[in-house]
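The block underneath contains the structure these notes are about, expressed in structure tokens.
Below, chain A is the first sequence line, B the second, and so on; all start at residue 1. No experiment lies behind these values; they were computed from the predicted model shown. Worth knowing before you read on, the calculation uses all heavy atoms, side chains too, and leaves out hydrogens, waters and symmetry mates.
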Number of protein chains: 2
Amino acid sequence: MLPQPPMQNSRSLARQLREQALLKLAQQILRQDGFAGLTMDRLTALSDVSKGTLYNHFSSKEDVLTALSVDSLERLQHLFQLALNFNGHSRERALALHYAYHRFSAAEPTLFLCLLTAATPGVMEKSSPERLLRRQQLETELLTMCQTVLSAALADGSLTLPAGAAVEQYSFINWALAFGCNALFAPLRQLGLFAGLQAGQINIQSINLLFDGMGWLPLSADWDYQASWHRIGLIFSQQLMSDPLIHPTLNQTQEPA
Amino acid sequence: MLPQPPMQNSRSLARQLREQALLKLAQQILRQDGFAGLTMDRLTALSDVSKGTLYNHFSSKEDVLTALSVDSLERLQHLFQLALNFNGHSRERALALHYAYHRFSAAEPTLFLCLLTAATPGVMEKSSPERLLRRQQLETELLTMCQTVLSAALADGSLTLPAGAAVEQYSFINWALAFGCNALFAPLRQLGLFAGLQAGQINIQSINLLFDGMGWLPLSADWDYQASWHRIGLIFSQQLMSDPLIHPTLNQTQEPA
DNA sequence: AAAAAAGTTGACGGATCGTCATTCTAGGTG
DNA sequence: CACCTAGAATGACGATCCGTCAACTTTTTT
């Protein structure tokens, strides 16, 4: 039924598995030693493949980062799927999408930073075109999921677009706000700026303001979205957030710079 | 009258001038050859100082990026000052702040990307503490300027905080939205995603939604903020946006990788 | 004028990236 | 079973780049 699955299954399957293992390892290094600790030599040394093979998978070090960001987007897509299944009205489901994004950035700060750095020109310049394309495609799909909720809201009448506004504009604004909130919290966590503000609190408050501004019913005055936020959290807690690590022993390495 | 200006004026003045020239040159390279093209060797070769002297000014390559981001923040501060002087009601002045931010990111995409990359852990890890401190200080000042407008709005009654909300939260949300909008537009400009959306249009629309959600009077239904946006633009156009380039001849270099 | 302090230089060590000639391996052929 | 070949894997190597430091020059002090 599928269009054309590559015939050489044993080959390409092993290839895929190895690529996943390499990415997992890269992620591990990133978590442990920061971005400066991630070098191709180190990645080779800790893996069971050689440099040449590594470069058979990734065209450059930056390509590894882009690959990690693709990985992140796929996990995000999975979380978004959960959010869309939330049992509630449309504005709650939109809130669930924001929750998923927030939850991911909090649970996987390293990967979220990958998302940030992968959008940096220095990284994009040196990544393989195929992977960049894949990333763009995933981003489009995620955006489509957001627009799904908006369309549903328009259909059931809880949201009405002003004249001259398009669904894409609204989804863009949502994305921008979510991105801004989570991105700003990443570096600000260690800095003192905005100290004392809870990430979750700020998030839900921002979204409420935006949705109220959009006139999305029921307004925050008429509904306890704090409670919704909490209920949404439950369906994500049940689901496993992070997959088990493949290489738990990473101790025999020299200490980072 | 000044507290204690360093006595060795001729020395430190020359030093400051040279540092400015170096930063200008770095910016030039960045514009021309992208982030990959900026290397310390190249920066030295194109300047009239040696490597050692360069490292007398900047502790590392990343420190150069942080320095550029500090530079950007200073220019942003200048633009914010202009915005605060805009003759209008408080919500218009807030809009002017957003305009300044947007205008800067559009006019100086390279520097705006510096702001992004300088917040990256890989860069922060290797920048000099003094410069990082300076950056944080500037960010605080910018944020204070935002809060000034919010406080004024609270004072004149055009804005009222709901119970349990603080001014910092509101300024954070504003900052996050502005950052998200402009950051998302940066890579998307070259990509096809969101094609056909005008950055300025999206920006003003987002802000209107947020401010309406905050209940900031006059609401967008009762005031033509499109016209305000245009009027605000005038005071920025009069002011010079970009300073003249010091090294217009940058042609004798080898072509980038 | 001599000495001390401050500033500048560019060659060098170390680290990392990405390549490529060589080696290995799986699967087919006589 | 011996041989062959296409494709994959290897790791040594050249190139690049970062940041340092001993030697040298300029400025200031004595």
Side-chain angles (χ1 to χ4, degrees), chain A residues 6-19 21-22 25-26 29-30 33-67 117 122-129 131 253-257, chain B residues 6-19 21-22 25-26 29-30 33-67 117 122-129 131 253-257:
Chain A
M7 283 312 159
Q8 60 291 49
N9 269 354
S10 62
R11 272 257 187 267
S12 72
L13 179 69
R15 189 188 157 81
Q16 259 185 317
L17 286 181
R18 190 169 48 191
E19 187 154 320
L22 283 173
L25 182 58
I29 295 175
L30 230 51
D33 301 330
F35 280 73
L38 180 64
T39 69
M40 293 304 249
D41 285 321
R42 213 156 117 74
L43 188 50
T44 332
L46 293 177
S47 77
D48 49 2
V49 299
S50 70
K51 201 98 155 291
T53 305
L54 183 62
Y55 274 89
N56 243 1
H57 283 270
F58 309 102
S59 70
S60 67
K61 179 188 171 181
E62 284 74 20
D63 204 34
V64 175
L65 288 180
T66 302
T117 43
V123 174
M124 291 183 63
E125 283 165 2
K126 302 176 76 177
S127 292
S128 71
R131 234 177 280 269
T253 83
Q254 67 278 27
E255 70 273 14
Chain B
M7 283 311 159
Q8 59 290 49
N9 268 356
S10 63
R11 269 258 186 268
S12 72
L13 178 68
R15 188 188 157 82
Q16 259 186 317
L17 286 181
R18 189 168 49 190
E19 187 155 320
L22 284 171
L25 182 57
I29 294 175
L30 230 50
D33 301 329
F35 279 73
L38 180 63
T39 69
M40 294 306 249
D41 284 321
R42 214 156 117 71
L43 189 51
T44 332
L46 293 178
S47 77
D48 49 1
V49 299
S50 71
K51 204 98 152 301
T53 305
L54 183 63
Y55 274 89
N56 244 3
H57 283 270
F58 310 102
S59 71
S60 69
K61 177 188 170 180
E62 284 73 21
D63 204 34
V64 175
L65 288 180
T66 302
T117 43
V123 174
M124 289 184 64
E125 282 164 2
K126 302 175 75 178
S127 292
S128 72
R131 233 177 278 269
T253 82
Q254 67 279 26
E255 71 273 15

Donor/acceptor link under 3.5 angstrom from B:Lys51 side chain onto base of D:dG19: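 Side chain to base: pair found, below 3.5 Å.
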Shortest side-chain distance from B:Arg18, nucleotide among C:dT8, D:dC18, D:dA9: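 In terms of side-chain proximity for B:Arg18, the closest of C:dT8, D:dC18, D:dA9 is C:dT8.
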From D:dC18, C:dT9, C:dT16, nucleotide with atom closest to B:Val49 side chain: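 Nearest listed nucleotide: C:dT9.
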Expressed in angstrom and rounded to an integer, what is the separation of [X] atom [atom1] from [N] atom [atom2]?
{"X": "B:Leu43", "N": "D:dT16", "atom1": "CG", "atom2": "C1'", "answer": "16 Å"}
{"X": "B:Asp63", "N": "D:dC18", "atom1": "CG", "atom2": "P", "answer": "13 Å"}
{"X": "B:Asp41", "N": "C:dT9", "atom1": "CG", "atom2": "C1'", "answer": "14 Å"}
{"X": "A:Arg15", "N": "C:dT25", "atom1": "CZ", "atom2": "P", "answer": "19 Å"}
{"X": "A:Leu38", "N": "C:dC17", "atom1": "CG", "atom2": "C1'", "answer": "13 Å"}
{"X": "B:Lys61", "N": "D:dT16", "atom1": "NZ", "atom2": "P", "answer": "15 Å"}
{"X": "B:Leu54", "N": "C:dG7", "atom1": "CG", "atom2": "C1'", "answer": "15 Å"}
{"X": "B:Leu65", "N": "D:dC18", "atom1": "CG", "atom2": "P", "answer": "11 Å"}

Under 3.5 Å side-chain donor-acceptor pair for A:Ser59 and A:Ser128: no
Gap separating the CG atom of B:Leu17 from the CG atom of B:Leu22, nearest 0.5 angstrom: 11.0 Å
B:Ser50 vs A:Ser60, nearer the 5' end of DNA chain C by closest nucleotide: B:Ser50
Side-chain donor/acceptor of B:Ser60 to backbone N/O of B:Asp63, under 3.5 Å: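 Pair found, side chain donor or acceptor close to backbone of B:Asp63.
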Nearest heavy-atom neighbours spanning A:Arg131 and A:Phe58: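 The pair with the smallest heavy-atom distance is NH2-CD2, 3.5 Å.
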Touch class at under 4.0 angstrom, heavy-atom based, for A:Thr53 against every strand present: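 Base contact.
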B:Asn56 side-chain N/O to C:dG7 phosphate OP1/OP2 under 4.0 Å: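 Looking at the OP1 and OP2 atoms of C:dG7, neither is under 4.0 Å from any side-chain N or O of B:Asn56.
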Side chain to side chain contact (heavy atoms under 4.5 Å, CB included) between A:Leu65 and A:Leu38, worked out: CA-CA 10 Å; A:Leu65 288 180; A:Leu38 180 64; 4.2 Å; yes
